[in-house]
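Notes follow once the structure below has been shown.
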Amino acid sequence: MLPKAYDPKAVEDRIYAMWEESGAFTADAKSDKEPFTIAMPPPNATGNLHLGHAVMLALQDIFIRFQRMRGKEALWVPGTDHAAIATESMVIRKLQKEKKMKDPRAQLGRETLVNEIRTFVEQSKKTIRGQVRKMGSSCDWSRERYTMDATLNRCVNEVFVKMYRDGLIYRGHRIVNWDPKLQTTVSDDEIEHEERTEPFYTFKYGPFEISTSRPETKFGDKYVVMHPDDKRYAKYEHGQTMTVEWINGPIEATVIKDKAVDPEFGTGVMTITPWHDHVDFDLAERHKLEKQQIIGFDGKLLPIAGEFSGMPIEDAREKIVEKLKSKGLLVSIKEDYVHNVSLSQRGKGKIEPQIKEQWFIDVNKRVVKWKRRELSLKEVMQEVVKTGLIKIIPERFEKEYFHWIDNLRDWCISRQIWWGHRVPVYYCTKCKEANGKPQEHLYVGTEPFVTHELCGSPVTQDPDTLDTWFSSALWTWSTLIDTELAEDMSMSLEELLLTSPDFMKFHPTDVMETGYDIIFFWVSRMILMTTYVTGPMAELEYGQVPFDTVYLHGMIRTRDGRKMSKSDPETMIDPLDMIAKYGADALRLSMIVGQSPGADSRLYEEKIAGYRNFVNKLWNASRFVLMKCEEGHTDPSTITALPHAKDLSLADRALLHALEVLIEDVMDGLTNYRLSEVGERIYAFVWEYFCDWYLELSKGTANLAVLVHVLRKILVLLHPYCPFVTEELWASVKSSDAGMLIKNTWPNAKAERKDPEAYAQLQILIDVITAIRKLRSEQGIEPGKEVSVTIFSKDHAALLDAQPEHIRRLGKVNSLTISGKSVKLKNTAVAILSGAEVHLSLEGLIDVEAEVKKLKIEHADLTKYLKGIEAKLNDKSFTEKAPPKVVEMERKKIEEGKDKLNKLAERLSTLDNIKK
RNA sequence: GGGCAAUUAGCUCAGCUGGUUAGAGCGUUCGAUUCACAUUCGAAAGGUCACUGGUUCGAAUCCAGUAUUGCCCACCA
């Protein structure tokens, strides 16, 4: 016999091991079944699983289990991400803290630091693996991948080289986002803006007044810019020069006219700092102006700053203002100037735009082959979503996606950190010396390159690594490449893809399920890379997308809507704690139900506890079924068929009907990704219909076949949501020829088992019992006390008369009279239902005053309600324009309502007579 | 500055393409230890669906505007 309460701790690990050992998670590339693939967004191998991971694992596991049971060859590829900047900065901080190192990069050197990180990551991967298992994730561990695997590294190199040869990757001096704290560039998407209030200074600059919030960048400003149509400055000509007094003495200034200047803003004149500002850079490019670096990569001022040289910019600002003031050049300071500053998403350090030689991907060059045309990366990314090749759920994110593409600039892919895929570019030291020119990359290749082909001298590899999203962008297909084949360097990437069985069977993947916060970082770049790589391949119909559907989930927040953050541990809910306390099934339900795609949701412990209660309810319902079987000396595993409908009771037929409707609803909901709704639907069916009514009714006479049949179906339908408890219970109720639940087939709704009439009839019985209970409660009758009940029902007397036992037992009724004709009764409380009049009589207990009051209120409410409907029906425009079906429905309401109203009136007059 | 969303019971949320006397869970109130389950059972109270207009025979649902909140994007010095 099962224990009284479900104990997930005693079950989950055992069940998971059983699944894993049985090979249930392992997909077969040779199978004839239709594939269904999900590439798991790889968690960063930096620490622990958090709720964001938990929600993604739960969602994906539901998708994959559902499709597996539906008979698809389901593959869920797990993995982890090397998360370049995040990991490196985390290990560096760790070394600083634990080993008291001041500058681990300098102290350890590249190789040693990379090894430190590698060790850390290995450990972290182990942790993550264990935690992913705890969630019940049915992913294929035999195919686990890591974004720094050898195969993935090869793919990265291959793609880099291909793009380089296509002219899509280029190296150039561009203005980039420099993070002085982390000592690397970051991409546009890795920047956050924060509103700050800072002083806004206005200075005299020759005959002009210019304003800035950053005086510390102004040393080299020798261009003064204004709008060409600004009449105030019409007397100055473009290109005109003049000498102006500036911070460290006179400067030769040049007038530039450009439409980028807004005459309405400030004085309408500005000076520019092309090295440290995006707008100024563009402007300088347009007019071919000189650019000069003012701030070093360490965040300190360079010698151009004269006496301020070497000062950190924060310290220098006030002193510079001080100096300008003393020279009489300060005009005003506006203290409440609000503007946005750029911060690094990772280290939260202030971003300093800098000009730096970096590697970029050109998103506008039209050399990308896609469906036999040549487009730009931007255009392909747009097209696949516009034409519906990729569908985004919820749809509104498609708009955001397009908007992002419209504003997309070339993607800076190089990073000045050491952890990551190294840029596969090599420089010859000797040749560089020979012609004394800037380094020429002489070899861009997929294999490590040792000596220069021409001169035979040693080469050095580019020190930079690639943006972590460069490798993640290859995730859906690089994980499906055969790792052994990938060792053969004589094969091209195209050949590798076409000969890898997994790739050919499982790509494109079906659904990419991830948080909406990384749609740009990741989703769009997977689209970019996958379409680019597969576009030229005839065998792949000139281009594959990485996935058909993108399902975006929202963030999980605290109960009061705040972000959960590590810096505020009290707000954090640790999924592993919750699993230990309530079980993985309960946690999964609590995250899925109430969450709709693209929207944030709130989670709190009571909610998880609520679903723990549900899981326990299911557990006990199963115990009840097993107990009934035991009482009937029937081994549930021998039950294989349902009796014919004619041999079943009303309750049985009604339940079977409700089950078929449920099966339909669940199928419909899951295929349309409506997980929350489906979860709620099953929850209600199990608790309210199956437990509260059917099981209670069946305490009288239980049909074991029906009990077992329905329970089995519930377990199947619920399995994607609650894999552990359902699998555990399945072992006790499955038929002897069935295997594990995880491999069981999904049911199809059977029309022949539907019996809406039985369902409606049972509902009448339920209504009558509910009415009796309500009357008992109103009259304050003790729960144990038995009562007399008289029911008048013209239409349903026969039906009710056939079910007296149910009414007697569930209503605690000792004397039951059912009649088709109504008689006036004294001393009874009454409930008027639409099809029946239920009288509860109990000598002495009936409070006539209260009863009259109750019925009067009911009468008044009903009158008002019917008046409304009558008005509607008397309105010609309604009866003429509304569909006949709706009109008919309203007529029926009136009919039923009037019947009830008459009964109420009758009853009131009877009671009146009694009072007299 | 531009865009997107949300606003329904004390709390957390459903309510899909307009027709329900607007639902659920938690919480609250009353009652119950009935032999599957107190992680339970029965009953109840609680909402002018943010506001203002409009479309419509009919609006929580569609449209416009307002307010509040949240998010994303953006180079105004």
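As the structure is a prediction and not an experimental result, all values here were calculated from the model. To find a chain, count down the sequence lines: A is the first, B the second, and so on, and within it residues start at 1. Values below: all heavy atoms of this structure, side chains included; hydrogens, waters and symmetry mates excluded.
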Could you work out, with salt bridge (charged side-chain N to carboxylate O under 4.0 Å, His left out) as the rule, every residue matching A:Glu728, not counting sequence neighbours? A:Arg14
Set of residues satisfying side chain to side chain donor-acceptor pair (under 3.5 Å) with respect to A:Asp665, sequence neighbours excluded: A:Arg681
Measure from CZ on A:Phe402 to P on B:C4 and round the result to the nearest Å. 15 Å
Using a strict cut-off of less than 4.0 Å between a Lys/Arg side-chain nitrogen and an Asp/Glu carboxylate oxygen, indicate whether A:Asp875 and A:Lys872 qualify as a salt bridge. no
Quick one: closest heavy-atom pair of A:Ser601 and A:Gln595, and the distance? OG-NE2, 2.8 Å
Per-nucleotide protein contact string for nucleotides 72-77 of chain B, where B marks a base within reach and S marks sugar-phosphate only (heavy atoms under 4.0 Å, - for neither): SSBBBB
Is any NZ, NE, NH1 or NH2 atom of the basic residue among A:Glu888 and A:Lys885 found under 4.0 Å from an Asp or Glu carboxylate oxygen of the other? no
Does anything in residues 623-632 of chain A pair up under salt bridge (charged side-chain N to carboxylate O under 4.0 Å, His left out), and if so which pairs, sequence neighbours excluded? A:Lys628-A:Glu631
If we take the C1' atom in both B:G18 and B:U61, what is their distance in whole Å? 6 Å
Along nucleotides 30-37 of chain B, 5' to 3', which nucleotides get a B, which get an S, and which get a -, given that the test is a protein heavy-atom distance under 4.0 Å? -SS-B-BB
Mind calculating the distance between CZ (A:Phe685) and P (B:G23) to the nearest angstrom? 22 Å
Any heavy-atom pair between the side chains of A:Ser596 and A:Ser676 that's under 4.5 Å? no
With A:Lys291 via salt bridge (charged side-chain N to carboxylate O under 4.0 Å, His left out) - residues at least two apart: A:Glu285
Does atom NZ (A:Lys854) have a neighbourhood of more than 12 heavy atoms from anything else shown, all under 6.0 Å? yes
Which value, in whole Å, describes the distance between the C1' atoms of nucleotides B:U56 and B:G19? 12 Å
Tell me: CD of A:Glu395 to C1' of B:A5, nearest whole Å? 15 Å
Aromatic plane relationship, A:Phe690 with A:Tyr694 - under 30° parallel, 30 to 60° tilted, over 60° perpendicular: parallel
Under a 4.0 Å threshold between the charged nitrogen and the carboxylate oxygen, would A:Lys334 count as salt-bridged to A:Glu198? no
Quick note, A:Ala882 side chain, CB onward, closest among B:C4, B:C57, B:A43 is B:C57
Does anything in residues 862-870 of chain A come within less than 4.0 Å of RNA chain B? Heavy atoms only, and list the residues if so. A:Leu862, A:Tyr865
Compute the centroid of each ring, for A:Phe520 and then for A:Tyr401, and state whether the two points are separated by less than 6.0 Å. no
A:Lys399 NZ - B:G2 C1' separation (whole Å): 14 Å
Under 4.0 Å from OP1 or OP2 of B:C41: is there any side-chain N or O of A:Trp687 that close? yes
Spacing of the P atoms in B:A22 and B:A45 (rounded, Å): 14 Å
5′-ward residue of the pair A:Lys774/A:Arg396 relative to RNA chain B: A:Arg396
Secondary-structure stems for RNA chain B, with pairs counted as Watson-Crick or G-U when both distances are under 3.5 Å and runs at least 3 long: B:1-7 with B:67-73, B:10-13 with B:23-26, B:28-32 with B:40-44, B:50-54 with B:62-66
Show your reasoning for whether side chain to side chain donor-acceptor pair (under 3.5 Å) applies to A:His287 and A:Asp258. CA-CA 9 Å; A:His287 298 282; A:Asp258 192 287; 2.6 Å; yes
Got a salt bridge between A:Glu786 and A:Lys812, using NZ or NE/NH1/NH2 to carboxylate O under 4.0 Å? no
Qualifying salt bridge (charged side-chain N to carboxylate O under 4.0 Å, His left out) pairs with a residue from residues 589-612 of chain A, counting only residues at least two apart or across chains: A:Arg557-A:Asp600, A:Arg559-A:Glu606, A:Lys581-A:Glu605
A:Ile608 CD1 - B:U39 P separation (whole Å): 18 Å
Nearest whole Å is fine: how far is B:C4 C1' from A:Ile519 CD1? 12 Å
Extract all donor-acceptor atom pairs below 3.5 Å that involve side chains of residues 391-400 of chain A and protein atoms in other chains or at least two apart in sequence.
{"residue": "A:Arg396", "atom": "NH2", "partner": "A:Gly598", "partner atom": "O", "Å": "3.4"}
{"residue": "A:Glu398", "atom": "OE2", "partner": "A:Ile392", "partner atom": "N", "Å": "3.1"}

Under 4.0 Å, counting only non-hydrogen atoms across every strand here, what does A:Pro353 touch: a base, just sugar-phosphate, or nothing? nothing
Rounded to whole angstrom, note down the P distance from B:U66 over to B:G2. 12 Å
Sequence-distant partners of A:Phe208, ring-ring contact (aromatic ring centres under 6.0 Å, His included), two or more places apart: A:Tyr233, A:Tyr236
What contact category does A:Thr273 fall into here, base, sugar-phosphate, or nothing, at under 4.0 angstrom with non-hydrogen atoms? nothing
Whole angstrom value for the distance that separates P of B:U39 from CG of A:Asn613: 8 Å
Could you work out the separation of B:A9 and B:A50 based on their C1' atoms and round it to a whole Å? 15 Å
Check the interface with nucleotides 8-12 of chain B: list each N/O to N/O pair with the protein under 3.5 Å, or write none.
{"residue": "B:C11", "atom": "O2'", "partner": "A:Arg559", "partner atom": "NE", "Å": "3.1"}
{"residue": "B:C11", "atom": "O2'", "partner": "A:Arg559", "partner atom": "NH2", "Å": "3.1"}
{"residue": "B:U12", "atom": "OP1", "partner": "A:Arg602", "partner atom": "NH1", "Å": "3.0"}
{"residue": "B:U12", "atom": "O4'", "partner": "A:Tyr604", "partner atom": "OH", "Å": "3.3"}
{"residue": "B:U12", "atom": "O2'", "partner": "A:Tyr604", "partner atom": "OH", "Å": "3.4"}

Considering only atom C1', compute the distance from B:A14 to B:A60 and round it to an integer number of Å. 12 Å
Under a 4.0 Å threshold between the charged nitrogen and the carboxylate oxygen, would A:Glu870 count as salt-bridged to A:Lys898? yes
C1' spacing across the pair B:U17 / B:U21, given as an integer number of angstrom: 24 Å
Rounding to an integer number of angstrom, what distance separates B:A24 and B:G42 when you compare their P atoms? 13 Å
What's the closest nucleotide to the side chain of A:Arg612 if the choices are B:C26, B:C57, B:U39? B:U39
Rounded to whole Å, how long is the line connecting atom CZ of A:Arg773 with atom C1' of B:C41? 9 Å
